[in-house]
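One structure is given below, encoded as structure tokens.
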Amino acid sequence: HTIRNGLRRSFVASTDGGDEPVQVSRGTGPDERNPTWSPDGSRLAWQVRDATRRRTIAMDVATRGADGWGVGTRVQLPDVLIQPTWLDARTLVGRDSVNGRLLAVDIERPNAVPRELVRGLTDEIRPVGNGVISTDRRTFLLRNRRGIWALPVSGGTLRQVLRFDDPLLPHALNARNFALHAGRLYFTLQDPQSNIWVAPVTGLSK
């Protein structure tokens, strides 16, 4: 995204720089940020925030067709925070803050009941920020100040794969960025952010 006249808007452009960037976000919200591509590159999703710019109220999704980009479609559910995290080319992750659940939201069926991935997100494992998908797209990861947790994208049991309990690292116990590839977890910590940590992860679904 970029900032124009103090407002964040989402754009797309060719990688070779041969054309002008095209705004795909509606431009009607106070803040439209953090665009993410679907795995097949056919869709772009971005967050729409409220007037305070602190709370996400919806996700907009634009689809690329033969004639270019369509108008963004609003994805919004009561009491569900839709995240800019793709499970597949048509499914986004949603967090039900009222009932403590993670949901799979089908953007092609906005009126359908979301599929439950896991429930029981207590204060101990309440996620912070947006989750990420492993490079093989089999595992969904989320984080909080106590560690990093893994969940099969098909749903099931949430498992802690990394615990922040080292007294020699008083880093506010918060992973800033993280990724999972080939059974290894890569992450940075709040302090110092210049280091990249690597930890093996076993027992993931095949």
Side-chain angles (χ1 to χ4, degrees), residues 33-47 56 59 61 75 77 79-109 112-166 169 171-190 193 195-206:
R33 64 169 67 189
N34 299 331
T36 57
W37 291 102
S38 62
D40 63 355
S42 66
R43 291 185 168 105
L44 193 69
W46 59 91
Q47 293 175 317
T56 299
M59 290 292 298
V61 179
V75 181
L77 295 172
D79 300 318
V80 175
L81 173 63
I82 311 296
Q83 300 182 0
T85 306
W86 295 91
L87 292 180
D88 54 46
R90 59 182 285 176
T91 310
L92 289 167
V93 174
R95 188 167 79 231
D96 178 355
S97 58
V98 174
N99 300 299
R101 302 182 300 162
L102 285 178
L103 306 171
V105 181
D106 188 340
I107 64 172
E108 295 184 2
R109 302 174 60 210
V113 177
R115 176 170 59 89
E116 183 176 285
L117 297 173
V118 69
R119 65 168 55 236
L121 297 181
T122 62
D123 289 340
E124 180 182 0
I125 57 176
R126 191 180 305 278
V128 173
N130 301 314
V132 300
I133 300 294
S134 60
T135 55
D136 62 9
R137 311 208 67 81
R138 293 174 177 168
T139 306
F140 176 67
L141 299 169
L142 55 86
R143 65 179 173 88
N144 61 17
R145 292 183 180 274
R146 291 180 172 86
I148 297 177
W149 309 72
L151 175 73
V153 296
S154 58
T157 302
L158 196 63
R159 181 167 69 94
Q160 189 172 21
V161 294
L162 185 68
R163 185 171 62 252
F164 298 146
D165 60 357
D166 190 339
L169 293 174
H171 42 58
L173 308 182
N174 190 6
R176 303 296 294 177
N177 298 282
F178 55 111
L180 180 63
H181 172 72
R184 291 185 178 273
L185 182 64
Y186 301 83
F187 60 98
T188 61
L189 298 174
Q190 182 167 323
Q193 294 187 40
N195 294 333
I196 298 177
W197 301 77
V198 183
V201 179
T202 61
L204 299 176
S205 59
K206 302 296 184 179

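In this text the structure is predicted, and so the values were computed from the model without any measurement.
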From Phe140 CZ over to Ile133 CD1, what is the distance, rounded to the nearest 0.5 angstrom? 6.0 Å
State the CZ-CD1 distance between Arg163 and Ile148, to the nearest 0.5 angstrom. 13.0 Å
Which heavy-atom pair separates [X] from [Y] by the least distance, and what is that distance?
X: Ala199; Y: Phe187; value: CB-CE2, 4.3 Å
X: Gly156; Y: Val118; value: O-CG2, 3.4 Å
X: Leu141; Y: Ala179; value: CD1-C, 4.4 Å
X: Pro152; Y: Thr157; value: CD-O, 3.9 Å
X: Gln160; Y: Arg146; value: NE2-O, 3.1 Å

Result of checking Leu103, Leu102, Leu121, Leu77 against Asp96 for side chain to side chain contact (heavy atoms under 4.5 Å, CB included): Leu103
Determine yes or no for a side-chain-to-main-chain donor-acceptor pair under 3.5 angstrom, with [X] supplying the side chain and [Y] the backbone.
X: Arg115; Y: Ser154; value: yes
X: Arg43; Y: Ala89; value: yes
X: Thr85; Y: Gly131; value: yes
X: Asp136; Y: Arg138; value: yes
X: Thr36; Y: Pro84; value: yes

Side chains of [X] and [Y]: closer than 4.5 Å at any heavy-atom pair?
X: Tyr186; Y: Val198; value: yes
X: Leu87; Y: Leu117; value: yes
X: Leu92; Y: Trp86; value: yes
X: Met59; Y: Ile107; value: no

Evaluate the side-chain contact (heavy atoms from CB on, under 4.5 Å) criterion for residues Val93 and Leu142: first the C-alpha distance (whole Å), next the side-chain angles of each, then the deciding distance (0.1 Å), finally the verdict. CA-CA 11 Å; Val93 174; Leu142 55 86; over 6 Å; no
For Val113, what residues pass the side-chain contact (heavy atoms from CB on, under 4.5 Å) criterion, not counting sequence neighbours? none
Between Thr139 and Arg159, does the side-chain contact (heavy atoms from CB on, under 4.5 Å) criterion hold? Intermediate values first, please. CA-CA 11 Å; Thr139 306; Arg159 181 167 69 94; over 6 Å; no
Is the CZ atom of Arg184 crowded by more than 12 outside heavy atoms at less than 6.0 Å? no
